[in-house]
Amino acid sequence: MPETLLDIQKLVFTYKNAEQTLAEVDFAVNVGEFVALVGRNGSGKTTLTRLAMSLIKPASGKITFQGKNTAAMTPADMARSIGYVFQNPDRQIFHDTVAKEVAYGPQQLGFSPEALNQSVAWALRMTGLTELAGSFPRLLSRGQKQKVAIASAIAMQPKMLILDEPTSGQDPWDGHNLMELLNSLNQQGITIILVTHDMELIAKYATRVAVLDRGHKVFDGTPSELFSGSRDIAAWGLIPPTAVVLGQQLSGVNAQNAAELVKRVMSTIKERSEDYA
Ligand SMILES: Nc1ncnc2c1ncn2[C@@H]1O[C@H](COP(=O)(O)OP(=O)(O)OP(=O)(O)O)[C@@H](O)[C@H]1O
């Protein structure tokens, strides 16, 4: 039996003077999963993660973490178990060196000096920041700042990491490096929830995808189920990865005919880029 880490049941949330943002959402995450949380802008993804962190409280419904009800827990309590990485790393960087920044969280949690040193060294090593330990974080590139935010989160030895659109605004190389980092953290046992609009990343890295649409969870399954063509994902504001569209459009092409294959691939890519231009 997989062990449930985060269990969200029948969660309802409404911002003041607004329409209902989340409507009876059920969402459970097991130990070791790499779950993508997707959906069009305003579908409620960030709200759901903020509820999981106890940054806001639901109108009704229940959230448990490792079987414990989080209703009376504060964000500081939740930070012991879940590392949260904001979309904009500038929102969570305050100290004048990378090392001090990464050490702040575990210091607040009361790590012993030895555990603190070990944890900070591990977090810097995992994120490739060891050489930048003495650097001023605000002068780093966006990709490096994002890694500082992740190092700060993992230095607290969380069971789970929640990242809200960490690759948005990054160049493809930084985005790729970041996903490889998340993949290796996941392989080291950290459960991951990734909020993203990037279907290519989901197809490559996620073990499961949950789709929110106007505050309702409308899909929860594997990336291959989501992209199998059996669901109208465009109605949820999602665009399938290029490889999936190619696979669907090229079925029946004789793969031994390389020239024809290349021609069809190129024209499909061109059509898609015109569709979404
Ligand atoms: N502080 C707030 N007060 C009032 N309404 C809010 C607040 N924050 C978000 N909302 C509204 O709640 C809805 C869900 O927002 P949320 O940020 O959770 O969506 P999202 O799926 O994360 O969107 P995006 O992909 O754009 O980040 C939206 O309609 C948004 O305008």
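Whatever order the structure lists ligands and atoms in, that order sets their numbers, starting from 1.
Listed by number with element, the atoms of ligand 1 under 4.0 Å from a non-hydrogen atom of T21 are 12 (O), 13 (C), 14 (C). With ligand atoms numbered from 1 in the order given, ligand 1 contributes 14 (C), 15 (O), 16 (P), 18 (O) to contacts under 4.0 Å with heavy atoms of T47.
Among all protein heavy atoms, the one lying closest to atom 21 (O) of ligand 1 is K45 NZ, 2.8 Å. In this structure, atom 26 (O) of ligand 1 lies nearest to the protein heavy atom N41 ND2, 2.8 Å. Among protein heavy atoms, the minimum distance from atom 27 (O) of ligand 1 is reached at E165 OE2, 3.5 Å. In this structure, the protein non-hydrogen atom closest to atom 6 (C) of ligand 1 is Y15 CD1, 3.2 Å. The protein heavy atom nearest to atom 29 (O) of ligand 1 is G42 O, 4.0 Å.
At a 3.5 angstrom cut-off on N or O pairs, H197 counts as close to ligand 1. Any N or O atom pair closer than 3.5 Å counts here, and G39 shares no such pair with ligand 1. Taking only nitrogen or oxygen atoms, main chain and side chain alike, G44 reaches within less than 3.5 Å of ligand 1.
The cluster map of Ile, Leu, Val, Met, Phe, Trp and Tyr, joined by side-chain heavy atoms under 4.5 Å apart, puts L185 and V29 in different clusters.
Between the side chains of N186 and Q188, not a single donor N or O lies within less than 3.5 Å of an accepting N or O. Side-chain N/O atoms of T74 and D77 include a donor and acceptor closer than 3.5 Å. Checking D213 against S43 by side-chain atom types alone, no donor-acceptor pair falls below 3.5 Å.
Residue contacts with ligand 1 leave out R50, since none of its heavy atoms falls under 4.0 Å from the ligand. Taking a 4.0 Å cut-off on heavy atoms, R40 registers as neighbouring ligand 1.
Ionic pairing of K217 and D26 is not present here: no N-O contact between side-chain nitrogen and carboxylate oxygen is shorter than 4.0 angstrom.
Taking a distance limit of 4.0 Å, we find that atom 17 (O) of ligand 1 is approached by some protein heavy atom. Using a 4.0 Å threshold on non-hydrogen atoms, atom 14 (C) of ligand 1 counts as touching the protein.
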Please walk me through it: do N69 and T64 pass side chain to side chain donor-acceptor pair (under 3.5 Å)? CA-CA 4 Å; N69 194 326; T64 61; over 6 Å; no
Begin from the C-alpha positions of T49 and Y84 and carry the test side chain to side chain donor-acceptor pair (under 3.5 Å) through to its verdict. CA-CA 9 Å; T49 62; Y84 193 85; 3.0 Å; yes
Could you walk me through whether S119 and Q157 satisfy the side chain to side chain donor-acceptor pair (under 3.5 Å) test, starting with their C-alpha distance in whole Å, then the side-chain angles of each, then the deciding distance to 0.1 Å, before giving a yes or no? CA-CA 8 Å; S119 199; Q157 304 288 331; 2.8 Å; yes
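By the 4.5 Å heavy-atom criterion applied to side chains, V98 and V102 are counted as neighbours.
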